[in-house]
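Within every chain, numbering begins at 1; the chains are lettered A, B, ... in the order of the sequence lines, protein sequences first and strands thereafter. Not measured: the values here are computed from a predicted model. FYI, side chains are in, hydrogens and waters are out, and symmetry mates aren't considered; it's all heavy atoms of this structure.
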Amino acid sequence: MVAATAKKEVECILAARDLHKHYRMGEEDLHVLAGVEIAVKPGEWVAVLGASGSGKSTLLHLLGGLDRPDQGQVWFDGQEVFRLRGGRLDRYRNQHVGFVFQFYHLLPELTALENVLIGAMVGTTMWGWPLISREKRQQATDLLEQLGLGERLRHRPNKLSGGERQRVAIARALVNNPDVLLADEPTGNLDQKTGQQILEVLQSLHRAGQSIVMVTHDTRIAAAADRQVTLEGGRLRA
Amino acid sequence: MYKLLLVLRYLRRKLAPMFAALAVTLCTAMVIIVSSVMGGFLDMFKVAARQASSDVTVESGLGGFPHYEELVKRLESLPEVAGATAVVRSFGLVRLEGNTNGVEIMGIDPGGYDKVSDYKKMLYWTSDYFVKWIEDLKNEQGGANPQEQQRLEEGARYYRENDFRQYAMQFEIPPGWRNARAENAGESPEAGANTGGVSGAADTSGGPGVVLGIAVSPYQRRDEKGQYDFENSPLRSASSREVVVTVLPVTKQGGVLEPAVRKMIAVNEFKSGLYEIDKNRVYVAFDFLQKLLKMDSHQRFNEETGNLSGEMVPGRAHRVMVRAKEGVTSEQLQQRVEAELLKLGTDYEDVGPLLAVTWQEAHQGLLGAVEKEKLMVTFLFAVVSVVAYAMIAVIFYMIVMEKTRDIGVLRALGAAREGVAGIFLGYGLAIGIVGSLLGLFLAAEVVWNINEIQALLARTVGFQMWNPEVYYFDRIPSQLNPKEVTVIVGTAILASVLGALVPAIAAARLNPVEALRYE
Ligand SMILES: Nc1ncnc2c1ncn2[C@@H]1O[C@H](COP(=O)(O)OP(=O)(O)OP(=O)(O)O)[C@@H](O)[C@H]1O
Ligand SMILES: [Mg+2]
């Protein structure tokens with residue numbers, strides 16, 4: 001039985017088992033996640049639907065190792081994420097997952113190119129960086145060009161449109177070739193046409209074999225995914 | 001690596017860190033300027049004090065001590081000693097230009113005294129002043145009297161060819177300077193000076209010359225450049241340079257004899273750099289004062305017979321001043337001198353108790369006060385700086401608040417807590433370095449040009465912060481002490497990092513999820 005479970009988790013790139021998350025507000029106890037189970041296979045695109053406040057973002061943060069669950073585990077590639085010690089959790093976020101947010105969250109002081117590169121810089125030391133900086137710079141430029149931003153490398157975020165910003169954010173999430181892309185309502189802040197463009201980007205990434213977990217309200221966007229699950233009452237429903 | 005990038009970008013983009021850097025700049029500059037000027041002040045005092053009292057002084061009470069010649073000879077043979085000289089000294093009255101003042105009267109051998117205290121350099125009036133003064137007189141008269149012009153011409157030439165200070169070095173009265181009233185009641189001041197060149201030979205017999213402290217005469221005033229004008233000097237005329245000196249001889253047992261009064265002639269003035277000394281001291285010849293104080297070698301008076309006994313009493317002096325050779329500290333010299341005093345005490349029973357005092361000990365009151373003052377002012381400004389660094393902490397805290405969401409993003413990208421703290425510490429370091437180096441440049445610019453700045457201020461807005469008429473040095477000290485500057489700049493940088501520490505820790509402790517929610 002135990003062996004079977006372990007085997008199942010190895011088959012998935014990312015899995016959550018019995019995740020619980022509470023928020024305590026004074027006397028009130030908000031049980032946002034109450035035993036969430038999810039398993040993402042390599043190359044799979046999972047869409048997470050759910051009402052506002054149902055805990056979708058919270059789930060994504062737990063999967064990405066940005067927040068800790070009160071109970072349960074997150075497994076990545078056969079390893080338990082919250083057992084990682086000594087900077088290895090930071091490394092997990094840096095190397096194995098990539099976050100994309102609804103409000104882009106680019107750093108306003110940096111150019112588009114630097115915003116992409118910073119993801120790569122975080123993963124190296126000051127002494128290691130010069131050795132790989134050319135390669136990474138090339139990779140980041142290529143990524144931005146693929147996303148149609150070849151002319152915008154030196155622009156700061158405040159000079160870019162919402163769609164362009166989100167594409168920079170996607171490039172940033174991809175610069176370290178993460179195993180799983182975690183996208184929290186990537187089109188939530190965009191008009192329909194621009195949202196469609198972003199969706200196309202995700203689709204082409206998916207075709208290239210990228211595993212994606214995407215949170216969205218929008219059933220039409222969710223339809224592009226391999227599989228839809230809905231978060232309701234703290235549990236996931238297929 | 002991302003830390004460096006962000007530090008550089010944050011530095012370039014924001015106004016708040018500019019203010020933080022500016023605060024560091026101003027504080028650093030302020031502390032450097034204050035401690036440099038005060039330190040320079042202290043150094044000037046020290047140089048002047050050491051010059052005025054040599055390195056070590058051997059002292060006795062008012063009665064003086066015998067065998068000083070032997071002591072001088074023994075001290076001069078020591079390898080640590082550059083020179084030694086005996087001094088007699090008394091308190092007395094000096095009457096000049098109608099004013100009577102209490103002063104310290106020192107009898108010195110100018111040659112020996114010069115070896116222990118740069119005496120010659122202290123003498124204020126040189127030939128140049130006389131030549132200029134005579135030239136001015138000549139121009140004033142405008143060729144009215146050809147004979148008079150001729151005499152002035154010769155007077156000027158005489159002083160051009162002879163070092164005027166030489167007279168003071170011998171307490172010799174320059175030719176033609178004899179007491180005007182005694183010789184020629186109607187003699188004009190100019191004539192007194194300029195006949196020197198012509199009828200010099202008749203009058204070089206020497207005599208009781210006196211060298212006055214430059215502030216002894218109440219008519220002496222410094223101009224706005226801190227210079228003295230020969231016009232106001234007692235030396236300017238035959239009548240004004242006449243000085244009456246009164247001393248009270250003190251016996252070896254401490255009794256007081258009849259006051260001795262002598263008419264003397266001022267042959268120069270000296271400026272030591274210490275106002276207290278320049279206001280209250282005059283120099284006369286050693287032998288002259290020794291005799292006046294009845295401290296010279298003489299035959300003992302036999303009270304029973306009422307005749308001279310034929311037994312010689314040795315002459316006495318009050319002090320022996322000793323200058324150390326280069327590289328010998330005054331404390332080392334003091335020890336050597338003390339050993340020598342012990343020996344002298346065993347060789348001669350009548351020497352009495354003697355004390356060897358270093359110049360630091362002699363001027364402890366003044367030096368201590370200036371030292372304390374420097375420390376206190378620097379400390380006060382350091383306290384002001386603490387306020388500035390508290391400001392840095394506040395500014396940094398504001399920056400952290402403003403950057404909360406970015407911090408969340410960085411954590412999501414995999415940055416460690418320490419990394420986030422590192423950004424802000426590095427930021428503090430950068431601001432500390434930039435600010436304090438700018439402060440150093442500012443301070444150097446101000447300190448090196450402080451005299452020019454003050455002259456400019458005086459000229460344009462009439463504000464004179466340094467009044468050489470009040471302060472005793474004619475220039476504001478303008479030296480940077482490299483060691484002190486290094487400490488101050490280092491402290492400023494360290495303080496900036498410390499100022500950033502609390503905000504940096506706060507940034508590191510942010511919960512990334514909440515940071516991302518932050519609007
Ligand atoms: N730090 C917190 N303290 C208290 N309650 C919180 C906290 N973070 C989230 N919550 C609550 O947890 C619930 C789930 O939040 P979450 O952001 O995961 O919802 P969501 O499904 O992403 O909603 P939306 O679609 O609006 O983004 C919400 O009710 C929210 O108010
Ligand atoms: Mg959400």
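Under a cut-off of 6.0 angstrom, the local environment of CD in B:Glu445 is sparse, with at most 12 non-hydrogen atoms contributed by other residues, nucleotides or ligands. The environment of CD in A:Glu80 is crowded: more than 12 heavy-atom neighbours from other residues, nucleotides or ligands sit within 6.0 Å. Other residues, nucleotides and ligands contribute more than 12 heavy atoms inside 6.0 Å of the OH atom of A:Tyr23. Other residues, nucleotides and ligands place no more than 12 heavy atoms under 6.0 Å from the CZ atom of A:Arg137. Within a 6.0 Å radius of CZ in B:Arg509, other residues, nucleotides and ligands contribute 12 heavy atoms or fewer. For CZ of A:Phe82, the number of neighbouring non-hydrogen atoms (other residues, nucleotides, ligands) closer than 6.0 Å is greater than 12.
Looking at A:His105, the atoms closer than 4.5 Å to chain B (heavy atoms on both sides) sit in the backbone and in the side chain alike. Residue A:Tyr92: no heavy atom, backbone or side chain, is found under 4.5 Å from chain B.
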Practice prompt. Show the numbers, then the answer: is there a side chain to side chain contact (heavy atoms under 4.5 Å, CB included) between B:Val409 and A:Ile118?
Written response: CA-CA 11 Å; B:Val409 173; A:Ile118 195 116; over 6 Å; no

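Taking all atoms of both residues into account, the shortest heavy-atom contact from B:Ala412 to A:Phe99 is O-CD1, 3.7 Å. The two residues B:Tyr2 and A:Val122 have their closest heavy-atom pair at CD2-CA, 3.5 Å.
Annotation: maximal heavy-atom pairing with chain A below 4.5 Å, among B:Pro512, B:Ala415, B:Gly414, occurs at B:Gly414. Of the residues considered (A:Leu182, A:Leu110, A:Asn176, A:Thr125), A:Leu110 shows the highest number of contacts with chain B, using heavy-atom pairs under 4.5 Å. Between chain B and the options A:Glu114, A:His61, A:Arg91, A:Gln95, heavy-atom pairs under 4.5 Å are most frequent for A:Glu114.
Atom CG of residue B:Leu413 and atom CE of residue A:Met121 lie 12.0 Å apart, to the nearest 0.5 angstrom. Rounding to the nearest 0.5 angstrom, the gap separating the CD atom in A:Gln102 from the CG atom in B:Leu516 is 12.5 Å. Summarising the geometry, atom CG belonging to A:Leu117 is positioned 8.5 Å from atom CG belonging to B:Leu5; distances are rounded to the nearest 0.5 Å. We find the CZ-CZ distance between B:Arg411 and A:Arg93 to be 5.0 Å, quoted to the nearest 0.5 Å. Once rounded to the nearest 0.5 Å, the distance linking CG of B:Asp406 with CD of A:Glu109 reads 6.0 Å.
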